[in-house]
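Being a predicted model, the structure only gives us computed values, none of them experimental.
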Amino acid sequence: MATTDLPNSRTEPDGSAVVRVLSYNVRSLRDDTAALARVITACAPDLVLVQEAPRFFRWRKKLARLAAASGQVLLTGGATAAGPAILCTLRATVERTEDVLLPLTPGLHRRGLATAVVRFGAARLGVVSCHLSLRADERYAQGGMLLDRLAGMGVEHAVAGGDLNERPGGRTFRLLADSLQDCRTAAPWGGEYTSTAADPHQRIDALFATRGVEVLGCGVPDGLPGVTGTDLRAATDHLPVLAALRIPA
């Protein structure tokens, strides 16, 4: 169970920033969106990396409505990134955004990346939300493209996260963890398993940070004040991953 000791967002005297980042597969908002908004709000994130955002009729309005209900604004992504999206609070100053469509394998879902560069005071951060393929070879290739995208963002510090469709022992998960910090491994906090919400038995959703970022805690916020098991089960079929990160100035 989570405790209340995950640090709150703040700006430090040296210009560094403590930032809360949430990664959440929302299953196209097909479940209880009020419960979903309550979970996000209780986590008090500065950034929300969304997977399976709505992609069809009025998708922008649906995503904006979720953002507004949970104290966020829509930063980028959604249908334009084939599902991944990024929400943020007004604490973030946005430098730029880009939605990236990954190569399409015939017969499989289109995949993409929602990316942004934001600042929290003097701290600058690259951000990527992803949802990787169900097929192992395509997933591994997408993991490499994610790392290439991070390397080309022109930022020293970055966070990437999403639904990897793979457990920590898998080849793609290891590829990412070899180049970046697996935030859950770096500073375990809260719960471990993210799938399914009704029967958590595997960790297939994760947050990763570049080496210069200090991970203060990361895990499923299953005991955080305001986050109930009822809401977690009703909101969507995945559990969220919440991390507190200190970003150098």
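Between Arg184 atom CZ and Phe208 atom CZ the span is 13.0 Å, to the nearest 0.5 Å. Within the model, atoms CG of Asp222 and CG of Leu239 stand 7.5 Å from one another, a figure rounded to the nearest 0.5 Å. Annotation: the span from Leu207 atom CG to Leu245 atom CG amounts to 7.5 Å, rounded to 0.5 Å. Going from atom CZ of Phe173 over to atom OH of Tyr140 covers 15.0 Å, rounded to the nearest 0.5 Å. The distance from the CG atom of Leu49 to the OG1 atom of Thr115 is 11.5 Å, given to the nearest 0.5 Å. Atom CG of residue Leu134 and atom CG of residue Asn165 lie 4.5 Å apart, to the nearest 0.5 angstrom.
Sorted pairs that involve residues 60-79 and meet salt bridge (charged side-chain N to carboxylate O under 4.0 Å, His left out), not counting sequence neighbours, are lacking altogether. Screening residues 124-145 for salt bridge (charged side-chain N to carboxylate O under 4.0 Å, His left out), with sequence neighbours left out, gives Glu95-Arg124, Arg135-Asp137, Arg139-Glu166. Every pair passing side-chain hydrogen bond (donor to acceptor under 3.5 Å, both in side chains) that includes a residue from residues 200-212 is listed here, sequence neighbours excluded: Arg167-Gln202, Asp182-Arg203, Thr194-Asp205, Ser195-Gln202, Asp205-His238. Sorted pairs that involve residues 70-85 and meet salt bridge (charged side-chain N to carboxylate O under 4.0 Å, His left out), not counting sequence neighbours, are lacking altogether.
Considering every non-hydrogen atom in both Leu224 and Ala42, the closest pair reads CD2-O, 3.6 Å. Taking all atoms of both residues into account, the shortest heavy-atom contact from Ala17 to Ala123 is CB-CB, 3.9 Å. In this structure, Ala206 and Val241 approach most closely via the heavy-atom pair N-CG2, 4.4 Å. Taking every heavy atom of both residues into account, Val227 and Pro221 meet most closely at CG1-O, 3.2 Å. Contact record, Gly77 with Trp59: O-CZ3, 3.3 Å, taken as the closest heavy-atom pair. Minimum heavy-atom separation, Gly78 to Ala53: CA-CB, 4.1 Å.
Under 4.0 Å is where a charged nitrogen must lie from a carboxylate oxygen, and between Arg20 and Asp46 no such pair does.
A 4.5 Å side-chain heavy-atom check between Val127 and Ile86 finds at least one atom pair inside the cut-off. Arg246 is not listed as a side-chain neighbour of Pro7, based on a closest heavy-atom distance of 4.5 Å or more. With a 4.5 Å cut-off on side-chain heavy atoms, Cys88 and Val73 count as touching. A heavy-atom distance below 4.5 Å is found between the side chains of Leu125 and Leu47. With a 4.5 Å cut-off on side-chain heavy atoms, Leu36 and Leu29 count as touching.
Val159 and Val48 are assigned to two separate hydrophobic clusters, defined by single-linkage of ILVMFWY side chains at heavy-atom distances under 4.5 Å. A continuous path of hydrophobic side-chain contacts links Val39 to Val26 [ILVMFWY only; heavy atoms under 4.5 Å]. Residues Leu180 and Val100 are members of one and the same hydrophobic cluster, defined by side-chain heavy-atom contacts under 4.5 angstrom among Ile, Leu, Val, Met, Phe, Trp and Tyr. Follow the hydrophobic side-chain contacts under 4.5 Å out from Val220 and you never reach Val21; the two are in separate clusters. No single ILVMFWY cluster, assembled from side-chain heavy atoms under 4.5 Å apart, contains both Val18 and Val118.
Residues that satisfy the side chain to side chain contact (heavy atoms under 4.5 Å, CB included) test with Ala82, not counting sequence neighbours, are Leu101, Arg110. Every residue was checked against the salt bridge (Lys or Arg N to Asp or Glu O under 4.0 Å) condition with Asp99, not counting sequence neighbours, and none meets it. Ala186 is linked by a side chain to side chain contact (heavy atoms under 4.5 Å, CB included) to Gln181, Val215, counting only residues two or more places apart in sequence or in another chain. Partners of Asp14 according to the side chain to side chain contact (heavy atoms under 4.5 Å, CB included) rule, which considers only residues two or more places apart in sequence or in another chain, are Glu12, Ser16. Qualifying side chain to side chain contact (heavy atoms under 4.5 Å, CB included) partners for Arg27, counting only residues two or more places apart in sequence or in other chains: Asn25, Arg30, Asp31, Glu52, Thr236, Asp237.
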Side-chain donor-acceptor pairs under 3.5 Å in residues 142-157, sequence neighbours left out?
{"residue": "Gln142", "atom": "OE1", "partner": "Ser133", "partner atom": "N", "Å": "2.8"}
{"residue": "Arg149", "atom": "NH1", "partner": "Glu98", "partner atom": "OE1", "Å": "3.1"}

| task | Take Cys130 and Gln51 through the test side chain to side chain contact (heavy atoms under 4.5 Å, CB included) and record every step on the way to the result. | result | CA-CA 7 Å; Cys130 70; Gln51 300 85 48; over 6 Å; no

| task | Would you sort out whether Val94 and Leu75 count as a side chain to side chain contact (heavy atoms under 4.5 Å, CB included), showing the intermediate values? | result | CA-CA 8 Å; Val94 181; Leu75 179 54; 3.2 Å; yes

| task | Under the side chain to side chain contact (heavy atoms under 4.5 Å, CB included) rule, what do Trp189 and Leu216 come out as? Steps first, then yes or no, please. | result | CA-CA 9 Å; Trp189 169 90; Leu216 304 175; over 6 Å; no

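Leu104 shares a hydrophobic cluster with no other residue; no ILVMFWY side chain has heavy atoms under 4.5 Å from its own. Applying the under-4.5 Å side-chain rule to Ile, Leu, Val, Met, Phe, Trp and Tyr, the cluster around Phe56 consists of that residue alone.
Side chain of Ser129 to main chain of Val50: a donor-acceptor pair is present (N/O by atom type, distance under 3.5 Å, no hydrogens or angles). Put simply, the side chain of Arg91 gets close to the backbone of Arg10: a donor and an acceptor are under 3.5 Å apart. In terms of modelled atom types and a separation under 3.5 Å, the side chain of Thr105 and the main chain of Leu108 share no donor-acceptor contact.
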